[in-house]
Amino acid sequence: MITVRAERPGDFAAVSEVNEKAFGRAAEGFVVDLLREACPDAVSLVADEGDKILGHIFFSPVLVTREGKVVLEGMGLAPLVVVPERQRQGIGSMLVRAGIDAMRERSCPFVIVLGHPEYYPRFGFTLASGRGLVSQWDGVPGEAFMVLVLDERAMADVSGVASYRSEFDQAV
Ligand SMILES: CC(C)(COP(=O)(O)OP(=O)(O)OC[C@H]1O[C@@H](n2cnc3c(N)ncnc32)[C@H](O)[C@@H]1OP(=O)(O)O)[C@@H](O)C(=O)NCCC(=O)NCCS
């Protein structure tokens with residue numbers, strides 16, 4: 001049976017390994033290590049099957065700024081990974097849904113993601129540009145930058161640059 005649960009300290013090495021297997025490089029796992037240290041507010045969940053880690057999802061703080069001023073804080077989803085041999089079996093979806101529930105529970109107003117445009121809309125993500133949000137990075141394809149609004153009231157009139165933590169600059 002697969003369960004999605006909060007990451008524990010004993011999972012750190014397996015989480016790095018799963019990220020490396022899924023992306024074919026160490027950068028994403030390294031960013032997770034940095035953010036785990038730097039961000040007490042980060043949320044890290046794993047998909048666990050009999051103590052084997054099959055997938056991982058991570059959320060870290062994102063700031064929306066306009067004219068240099070912080071307008072609102074939300075969260076960014078990244079990375080999301082499932083080990084290659086177990087992809088397309090619903091594990092990624094379990095992680096995303098559990099992550100969204102966790103974001104709702106902590107009254108997070110929005111979640112952004114930079115990812116596959118065919119994948120995230122099924123969970124309610126829409127184009128960030130439709131909400132007046134732009135990425136901090138140049139050259140990001142518009143259709144890959146998405147937002148899930150969890151608190152419409154908090155998001156009313158919010159627009160600007162939505163920035164992941166600077167630790168991500170090491171992975172782009
Ligand atoms: C993307 C990823 C996390 C999805 O996890 P998963 O467990 O394979 O996904 P699920 O089984 O929940 O969902 C499968 C669906 O996702 C779609 N999907 C899976 N990987 C996809 C990809 N790379 N691009 C677009 N769609 C993808 C499939 O088309 C499938 O759709 P269907 O059900 O209509 O056939 C996983 O493929 C992965 O780890 N990829 C490598 C790392 C990565 O790209 N991470 C995401 C960064 S945004």
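Counting starts at 1 for both ligands and their atoms, following the listed order.
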Contacts table for residues 63-74: side-chain donor-acceptor under 3.5 angstrom, sequence neighbours left out:
from, atom 1, to, atom 2, distance (Å)
Arg66, NH1, Asp157, O, 3.4
Arg66, NH1, Ser159, OG, 2.9

In chain order, what residues pass the side chain to side chain contact (heavy atoms under 4.5 Å, CB included) check against Asp151, with sequence neighbours excluded?
Pro109, Arg153, Ala154

Under the ring-ring contact (aromatic ring centres under 6.0 Å, His included) definition, can you give me all pairs with a residue in residues 74-123, not counting sequence neighbours?
Tyr119-Phe123, Tyr120-Phe125

Are the side chains of Asn19 and His56 in contact, using a 4.5 Å heavy-atom criterion?
yes

Residues Arg106, Asp101: salt bridge by 4.0 Å N-O rule:
no

Ligand 1: which residues have a non-hydrogen atom closer than 4.0 Å?
Ala22, Phe23, Leu80, Val81, Val82, Gln87, Arg88, Gln89, Gly90, Ile91, Gly92, Ser93, Leu114, Gly115, His116, Glu118, Tyr119, Tyr120, Arg122

Any carboxylate oxygen within less than 4.0 angstrom of a Lys/Arg side-chain nitrogen, looking at Arg131 and Glu152?
yes

